[in-house]
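Please read the structure below before turning to the comments.
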Amino acid sequence: MAVLGPNRYGKAETRVVRVTRHGDAHRIKDLTVGTALSGDMTEVHLSGDNSAVLPTDTQKNTVFAFAKKHGVGAIEDFALLLARHFTDSRPAIHHARVAIEEHAWERNGAFGHSFVRSGREVRTCVAHHDGTRSWVVSGLRDLVVLNTTNSEFWGFAKDEYTTLPETRDRVLATAVDVAWRHTDVSRDCSHDWDKTYENARAALLTAFADTYSLSLQQTLYAMGTRVLAECPGVCEVRLSLPNKHHFLVDLAPFGLDNDGEVFFAADRPYGLIEGTVLREDAPVAGPAWE
């Protein structure tokens with residue numbers, strides 16, 4: 001006998017751009033929004049009865065309508081607004097998940113109406129609501145950082161397949177993919193999501209720069225620990241750090257020395273270091289990471 005397991009459905013990658021016009025000084029919020037709903041969905045799977053299904057097209061339209069009616073501030077607030085709307089408005093929907101990526105734009109000089117796509121990282125968030133409780137995970141991806149020194153890698157395990165030489169000075173580079181879980185996101189608790197984001201970002205950059213690294217794992221732990229220290233409302237940090245290898249080029253065939261000045265930047269394969277840093281008293285995560 002087969003039984004229906006966990007399931008959800010929704011609209012993926014809704015692209016919405018909200019322009020706020022204050023005289024000649026305009027503002028842009030450029031988002032990719034994903035919604036996913038779950039609840040009393042047994043019959044639609046077993047018999048095709050759609051009476052409990054809120055169409056994914058409706059979910060898309062709700063994103064656009066809410067962008068107009070409520071505006072878009074911090075993406076965490078917009079995600080919670082949508083998640084709570086879906087669970088509060090439809091009895092068959094017991095849980096809503098809203099994931100948002102924000103694509104940054106910067107002003108093009110002094111022109112209030114002209115923008116250029118920012119080269120910064122992508123800001124992210126995921127909000128869950130089950131009709132009673134809410135969970136929010138914020139984060140970023142593609143924050144590319146590099147240290148030209150203060151990194152070593154030696155004393156590692158070796159076997160008959162090891163060819164990597166030990167080094168006491170290397171380039172350390174990565175593209176940070178990180179998410180942090182907030183503790184209290186009840187309806188009556190206000191959050192300065194933007195401030196927390198900037199504090200977490202600054203903590204990541206500072207820890208990467210001022211940690212004398214003997215391994216990328218050590219740097220990962222230092223970065224996660226610094227976020228917890230700088231952001232009291234954060235209880236758990238998950239990091240994924242691809243090691244962007246930079247290999248010293250052998251210039252001897254050309255009669256040239258290479259004293260740590262010319263490198264080959266290899267894009268693949270790459271080492272991938274992942275880990276979690278959390279407070280000892282971190283509350284149970286529930287569905288926050290799903």
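FYI, the numbering just counts along the sequence from 1. When reading the values below, keep in mind they use all heavy atoms of this one structure, side chains included, and skip hydrogens, waters and symmetry mates.
A continuous path of hydrophobic side-chain contacts links Val262 to Leu256 [ILVMFWY only; heavy atoms under 4.5 Å]. In the hydrophobic clustering of ILVMFWY residues, with side-chain heavy atoms under 4.5 Å counting as a link, Ile93 and Leu81 come out together. The hydrophobic cluster containing Ile273 also contains Leu205, counting ILVMFWY residues as joined when their side-chain heavy atoms lie under 4.5 angstrom apart, directly or transitively. Residues Trp135 and Trp180 do not share a hydrophobic cluster, clusters being chains of Ile/Leu/Val/Met/Phe/Trp/Tyr side chains in contact below 4.5 Å. In this structure, Val185 is not a member of the same hydrophobic cluster as Val227, with clusters built from ILVMFWY side-chain heavy atoms closer than 4.5 Å.
Taking a 6.0 Å sphere around NZ of Lys158, one finds it holds more than 12 heavy atoms contributed by other residues, nucleotides or ligands. Sparse packing is recorded around CG of Asp24, with 12 or fewer heavy atoms of other residues, nucleotides or ligands lying under 6.0 Å away. The number of heavy-atom neighbours closer than 6.0 Å to CD of Glu280, taken from other residues, nucleotides and ligands shown, is 12 or below. The environment of Tyr221 atom OH is sparse: at most 12 non-hydrogen atoms of other residues, nucleotides or ligands sit within 6.0 angstrom.
Among the candidates Glu198, Glu76, Glu101, the single residue satisfying the salt bridge (Lys or Arg N to Asp or Glu O under 4.0 Å) test with Arg123 is Glu76.
Looking only at distances, a side-chain donor or acceptor of Asn258 sits under 3.5 Å from a matching main-chain atom of Val249. Looking at Arg21, its side chain never comes within 3.5 Å of a backbone N or O of Arg27 through a donor-acceptor pair. In terms of modelled atom types and a separation under 3.5 Å, the side chain of His85 and the main chain of Leu80 share no donor-acceptor contact. Of the possible donor and acceptor atoms, none in the side chain of Thr206 sits under 3.5 Å from a partner among the backbone N and O of Ala203. The main-chain N or O of Leu31 is found under 3.5 Å from a side-chain atom of Arg15 such that the two form a donor-acceptor pair. Using a distance-only test at 3.5 Å, with no hydrogens or angles considered, a donor-acceptor pair links the side chain of Asn147 to the main chain of Phe208. Not a single donor-acceptor pair under 3.5 Å links the side chain of Asp259 to the backbone N or O of Glu261. In this structure, the side chain of Ser151 does not engage the main chain of Val171 through any donor-acceptor pair within 3.5 Å. With His26 contributing its side chain and His22 its backbone, the two residues share no donor-acceptor pair below 3.5 Å. Remark: the backbone N or O of Glu121 is not paired with any side-chain donor or acceptor of Arg141 at under 3.5 angstrom.
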Under the side-chain contact (heavy atoms from CB on, under 4.5 Å) rule, what do Asn243 and Thr174 come out as? Steps first, then yes or no, please. CA-CA 5 Å; Asn243 197 339; Thr174 187; over 6 Å; no
Step by step, work out the side chain to side chain donor-acceptor pair (under 3.5 Å) result for Ser114 and Asn108. CA-CA 5 Å; Ser114 183; Asn108 182 9; 3.0 Å; yes
Could you go through Arg18 and Asp30, starting from their C-alpha distance and side-chain angles, then the distance that decides it, and tell me whether this counts as salt bridge (Lys or Arg N to Asp or Glu O under 4.0 Å)? CA-CA 7 Å; Arg18 176 60 154 93; Asp30 184 352; over 6 Å; no
Please step through side-chain contact (heavy atoms from CB on, under 4.5 Å) for the pair Val234 and Arg181, ending with a clear verdict. CA-CA 6 Å; Val234 170; Arg181 176 164 62 96; 5.9 Å; no
Does Ser134 form a side chain to side chain donor-acceptor pair (under 3.5 Å) with Arg84? I'd like the steps, not just the answer. CA-CA 8 Å; Ser134 301; Arg84 288 166 176 167; 3.1 Å; yes
Could you walk me through whether Tyr270 and His245 pass ring pair (Phe, Tyr, Trp, His ring centres under 6.0 Å), step by step? CA-CA 7 Å; Tyr270 54 85; His245 300 296; 7.9 Å; no
Go through it in stages, so that I can follow the logic: the residues are His103 and Thr32, the test is side chain to side chain donor-acceptor pair (under 3.5 Å), and I'd like the CA-CA distance, side-chain angles, deciding distance and then a yes or no. CA-CA 8 Å; His103 315 287; Thr32 299; 2.8 Å; yes
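Taking OG of Ser213 as the reference point, atom CZ of Phe153 lies at 9.5 Å (rounded to 0.5 Å). Thr42 OG1 to Leu4 CG: the interatomic distance, rounded to the nearest 0.5 Å, is 5.5 Å. Note that the CE atom of Met41 and the CG atom of Asp49 stand 11.0 Å from one another [nearest 0.5 Å]. Remark: Ser240 OG to Leu272 CG distance equals 4.5 Å, nearest 0.5 Å. Taken from CG in Asp169 to CG in Asn150, the straight-line distance is 8.0 Å, to the nearest 0.5 Å. Going from atom CG of Leu248 over to atom OG1 of Thr167 covers 8.5 Å, rounded to the nearest 0.5 Å.
Considering only heavy atoms from C-beta on, Cys235 comes within 4.5 Å of Pro283 through its side chain. Looking at Cys125 and Val137, their side chains never come closer than 4.5 Å, going by heavy atoms from C-beta outward. Counting heavy atoms from C-beta on, the side chains of Leu37 and Leu54 come closer than 4.5 Å. Looking at heavy atoms from C-beta onward, Leu140 lies out of side-chain contact with Val122 at the 4.5 angstrom threshold. Val33 has its side chain within reach of Val98: a pair of non-hydrogen atoms, C-beta onward, lies under 4.5 Å apart. In this structure, the side chains of Met223 and Val237 stay at 4.5 Å or more apart for every pair of heavy atoms. Side chains of Asp142 and Asp177 form no contact here, defined as non-hydrogen atoms less than 4.5 Å apart. Residues Val17 and Ile28 form a side-chain contact, since some pair of their non-hydrogen atoms from C-beta on lies under 4.5 Å apart.
The two residues Thr14 and Phe64 have their closest heavy-atom pair at CG2-CZ, 3.8 Å. The shortest non-hydrogen separation linking Ala207 to Arg226 is CB-CB, 3.9 Å. Across all non-hydrogen atoms, the minimal contact from Val178 to Leu239 is CG2-CG, 3.7 Å. Minimum heavy-atom separation, Arg107 to Gly112: NH1-O, 2.9 Å. Residues His129 and Ala83 share a closest heavy-atom pair of CB-CB, 3.9 Å. Between Ala175 and Lys244 the shortest heavy-atom distance is CB-CE, 4.0 Å.
Salt bridge status for Lys29 with Glu102: present, with a side-chain N to carboxylate O gap under 4.0 Å. At a threshold of 4.0 Å, the pair Arg187-Asp88 counts as salt-bridged, since one of the basic side-chain nitrogens sits closer than that to a carboxylate oxygen. Of the charged side-chain nitrogens involved, none lies within less than 4.0 Å of a carboxylate oxygen, so that Asp130 and Arg133 do not count as a salt-bridged pair.
Side-chain polar atoms of His95 and Thr87 form no donor-acceptor pair below 3.5 angstrom. Donor-acceptor pairing under 3.5 Å is lacking for the side chains of Gln218 and Tyr212.
Using cut-offs of 30° and 60° for the angle between ring planes, the Phe264 and Phe247 rings count as parallel.
Checked against a 6.0 Å centroid threshold, the rings of His182 and Trp193 count as neighbours.
Judged by the 6.0 Å and 45° rule, Lys195 forms no cation-pi pair with Tyr197. Figure legend: Arg238 and Trp289 shown as a cation-pi pair, the cationic atom lying under 6.0 angstrom from the six-membered ring centre and within 45 degrees of its axis.
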